[in-house]
There are 2 protein chains.
Amino acid sequence: MWLRPERPPRDRRLTRERIVDVAVAVLDAEGHGGLSMRRVATELGVTAGSLYWYVRTKDDLLELALDRVLAEVSADPGAPGWRPALAALARSNRAMLLRHRWALSELTLRPNLGPNALALAETGLRLLERAGFAGADLDAAMAAVNDHVVGAVIAEVAWHGTLERMGESGAGWGERAAGYLREVAARHPALARRMAATGEIDVERESERRFEFGLDCLLDGLAARRLAPPPP
Amino acid sequence: MWLRPERPPRDRRLTRERIVDVAVAVLDAEGHGGLSMRRVATELGVTAGSLYWYVRTKDDLLELALDRVLAEVSADPGAPGWRPALAALARSNRAMLLRHRWALSELTLRPNLGPNALALAETGLRLLERAGFAGADLDAAMAAVNDHVVGAVIAEVAWHGTLERMGESGAGWGERAAGYLREVAARHPALARRMAATGEIDVERESERRFEFGLDCLLDGLAARRLAPPPP
DNA sequence: ACCTGAACACCGTTCAAGT
DNA sequence: ACCTGAACACCGTTCAAGT
């Protein structure tokens with residue numbers, strides 16, 4: 001009894017890091033709707049109120065979670081040229097967003113100025129500087145690539161969600177859907193042609209194809225606009 | 001008394017359309033956080049439960065609201081060429097998303113197959129068909145343009161939000177922010193250079209410049225990839 | 001057919017009170 | 001310094017009951 005000294009205050013049960021850990025885990029597992037303060041708290045064997053000692057609001061927690069996953073995006077610094085390097089950065093970014101789909105909505109709703117976000121911006125900018133961009137065009141080029149990544153993943157996630165919904169829907173859904181689609185096809189011939197062609201397709205592979213197509217277009221445009229690369 | 005006939009059941013207070021009307025109004029005025037079933041209900045002089053006669057869930061209501069504002073996107077069918085026409089469509093889309101910033105998060109979270117979304121897809125596809133695209137490249141080209149619009153608006157809204165936050169923050173914030181920025185600048189030279197150059201800039205004009213820059217890059221890439229336009 | 005009113009289960013957040 | 005427990009104000013949704 002008296003032999004055991006009082007616990008040092010260092011082995012507290014909570015840390016900001018541990019809280020973000022389980023927040024990311026819950027978000028990955030159950031999406032945005034699954035995250036609640038009480039849920040995170042019980043997962044840590046603690047009351048909801050306790051979290052507010054480490055985090056000001058739930059919004060702040062989400063901001064921390066977003067920056068956490070942004071650390072997963074990586075650039076290969078020893079890439080052979082600016083174009084493959086930039087493409088690799090874009091692909092890594094896309095892969096991360098597909099791993100943590102909830103991160104997209106966070107990106108939409110709140111600005112992120114976390115350390116990992118800034119580090120990521122830095123590597124992108126340096127890459128484009130070496131490629132021969134400067135001034136306002138440098139910002140615009142960086143933005144164009146990022147925009148394509150974000151836009152493409154949003155479209156892919158939405159597409160995926162549509163298919164999931166269609167799968168969930170119970171019996172009796174088939175007829176209504178078929179009727180709706182028939183009507184749509186009648187009114188929208190071009191759309192009907194495309195729907196017929198995309199009937200049996202692997203969504204993920206096709207999404208990747210589209211992503212690469214758009215990226216290539218963009219990089220072509222960028223290549224034409226860069227200044228002469230600075231002499232080494 | 002007996003002269004006045006019973007009210008015909010037609011003058012009911014609620015309609016799906018009216019409900020969507022006020023939902024869009026509330027969303028425009030107060031954003032995503034301001035919308036609640038009780039809020040919409042009281043705005044219509046009615047109880048929250050009543051809404052569920054016309055709408056299955058709040059999610060359905062948001063879907064309806066999204067399709068409502070998608071109707072605002074318009075394409076000029078009599079445009080001189082495919083490239084200006086496509087650019088005009090993209091700009092109209094962007095303008096709508098900037099008018100209804102809440103629509104972005106909806107676009108992120110849920111698939112939208114409403115009539116206006118489909119009509120919009122149809123006009124885009126026909127435009128690209130006339131431009132000389134077909135098959136999988138047609139889908140990819142359409143997707144690339146849409147992705148750029150969505151991605152660019154997301155970035156712009158996030159940027160805008162950052163500035164607003166910085167404006168709201170009370171006294172004593174300046175020193176902490178300055179310290180943070182100094183640290184960032186020290187660790188990230190390229191970012192520091194860009195931050196210095198972007199010091200006093202009109203966010204909206206600069207966002208538009210970036211949008212047009214990326215769009216031009218993309219259209220260059222698309223122009224190089226289209227097949228020969230079909231003979232008239 | 002359409003709407004009310006009350007209830008249910010769940011939120012984020014606060015805060016005195018304990019240790 | 002750190003955590004509990006209870007409370008507050010607010011959710012989305014359901015449903016018997018009224019008309």
Side-chain angles (χ1 to χ4, degrees), chain A residues 1-2 4-24 26-27 29-66 102 105-106 109-110 165 168, chain B residues 1-2 4-24 26-27 29-66 102 105-106 109-110 165 168:
Chain A
M1 212 302 161
W2 294 274
R4 196 167 21 140
E6 192 189 353
R7 284 207 195 125
R10 275 288 146 239
D11 67 337
R12 46 183 188 191
R13 318 163 75 172
L14 260 42
T15 320
R16 195 178 252 206
E17 215 192 327
R18 288 196 63 204
I19 294 174
V20 176
D21 281 345
V22 337
V24 169
V26 171
L27 284 166
E30 309 180 26
H32 202 250
L35 187 78
S36 75
M37 289 299 181
R38 295 178 216 261
R39 172 70 193 278
V40 172
T42 53
E43 207 96 0
L44 286 162
V46 115
T47 332
S50 317
L51 302 179
Y52 289 87
W53 186 263
Y54 299 88
V55 145
R56 211 172 47 89
T57 74
K58 186 190 182 185
D59 254 43
D60 278 16
L61 177 53
L62 283 166
E63 215 162 322
L64 291 169
L66 177 59
W102 52 270
S105 356
E106 292 323 305
L109 294 171
R110 83 193 76 255
R165 265 203 193 184
E168 283 173 1
Chain B
M1 212 305 163
W2 294 273
R4 196 169 19 145
E6 193 192 353
R7 283 206 196 125
R10 276 289 147 236
D11 66 338
R12 46 185 186 191
R13 318 162 75 173
L14 259 41
T15 319
R16 195 177 252 207
E17 216 193 326
R18 288 196 64 205
I19 294 174
V20 176
D21 281 345
V22 336
V24 169
V26 169
L27 285 166
E30 308 179 29
H32 202 249
L35 188 77
S36 76
M37 288 302 189
R38 294 177 216 261
R39 173 71 194 279
V40 172
T42 52
E43 207 96 359
L44 287 163
V46 115
T47 333
S50 317
L51 301 179
Y52 289 86
W53 185 261
Y54 299 88
V55 146
R56 209 172 48 91
T57 75
K58 187 190 183 186
D59 253 42
D60 277 17
L61 178 53
L62 283 167
E63 215 162 321
L64 291 169
L66 176 58
W102 52 270
S105 357
E106 293 323 305
L109 294 171
R110 85 194 75 254
R165 265 204 193 183
E168 282 173 2

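Each chain gets a letter, A, B and so on, in the order the sequences are listed, and its residues count up from 1. Hydrogens, waters and symmetry mates play no part in the numbers below; they use all other heavy atoms, side chains included.
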**Message:** Regarding A:S36, tell me which of base, sugar-phosphate or nothing describes its non-hydrogen contacts under 4.0 Å with the strands shown.
**Reply:**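 Sugar-phosphate contact only - A:S36 comes under 4.0 Å of backbone atoms but never of a base.
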
**Item:** Sugar-phosphate, base or nothing in reach of A:S50, heavy atoms under 4.0 Å
**Value:**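 A:S50: base contact, heavy atoms under 4.0 Å.
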
Ignoring the backbone of [X], work out which of [options] is nearest its side chain.
X     : options               : value
B:A48 : C:dG12, D:dT13, C:dC3 : D:dT13
A:M37 : D:dC2, C:dG12, C:dC2  : C:dG12
A:K58 : D:dT13, C:dC3, C:dG12 : C:dG12

**Request:** Indicate whether OP1 or OP2 belonging to C:dT14 is found under 4.0 Å from a side-chain N or O atom of A:R56.
**Result:**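 For C:dT14, neither OP1 nor OP2 has a side-chain N or O of A:R56 closer than 4.0 Å.
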
**Message:** Side-chain N or O of A:Y52 versus OP1/OP2 of D:dC3: is the shortest distance under 4.0 Å?
**Reply:**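 It does not, given that no N or O in the side chain of A:Y52 lies less than 4.0 Å from OP1 or OP2 of D:dC3.
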
**Message:** Partner lookup for C:dT14, please. Criteria are Watson-Crick or G-U wobble with both distances under 3.5 angstrom; report none if nothing qualifies.
**Reply:**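 Partner of C:dT14: D:dA6.
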
**Request:** Would you kindly compare A:T57 and B:G45 by the position of their nearest DNA chain C nucleotide and give the one closer to the 5′ end?
**Result:**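 Nearest-nucleotide comparison on DNA chain C picks B:G45.
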
What is the distance, rounded to the nearest whole Å, between atom [atom1] of [X] and atom [atom2] of [N]?
X     : N      : atom1 : atom2 : answer
A:R13 : C:dT19 : CZ    : P     : 15 Å
A:R18 : D:dC3  : CZ    : C1'   : 14 Å
B:Y54 : C:dA1  : OH    : P     : 12 Å
A:L62 : C:dT13 : CG    : C1'   : 15 Å
A:L44 : D:dC2  : CG    : P     : 16 Å
B:W53 : D:dG18 : CH2   : P     : 17 Å
B:L35 : D:dC10 : CG    : C1'   : 14 Å

**Item:** Where A:L61 and A:A23 come nearest, the two heavy atoms and their spacing
**Value:**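 Closest approach of A:L61 to A:A23, heavy atoms only: CD1-CB, 4.0 Å.
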
**Request:** List the atom of B:K58, the atom of B:M37, and the distance in Å for their closest heavy-atom pair.
**Result:**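 In this case the closest contact between B:K58 and B:M37 is CA-CE, 2.9 Å.
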
**Prompt:** Any donor-acceptor pair under 3.5 Å linking the side chain of B:R16 with the backbone of B:Y54?
**Reply:**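 It does hold such a pair.
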
**Request:** Calculate, to the nearest 0.5 Å, the distance between atoms CG and CG belonging to B:L14 and B:L44 respectively.
**Result:**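 Result: 5.5 Å between the selected atoms.
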
**Request:** To the nearest 0.5 Å, tell me how far A:L62 CG sits from A:D59 CG.
**Result:**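 That separation rounds to 6.0 Å.
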
**Message:** Here's a test of your reading of the structure: between A:G49 and B:G49, which maps to the more 5' nucleotide of DNA chain D?
**Reply:**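 This one resolves to A:G49.
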
**Request:** With DNA chain D as reference, determine whether A:T47 or A:R38 sits nearer its 5' end, using the nearest nucleotide of each.
**Result:**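 Between the two, 5'-proximity favours A:T47.
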
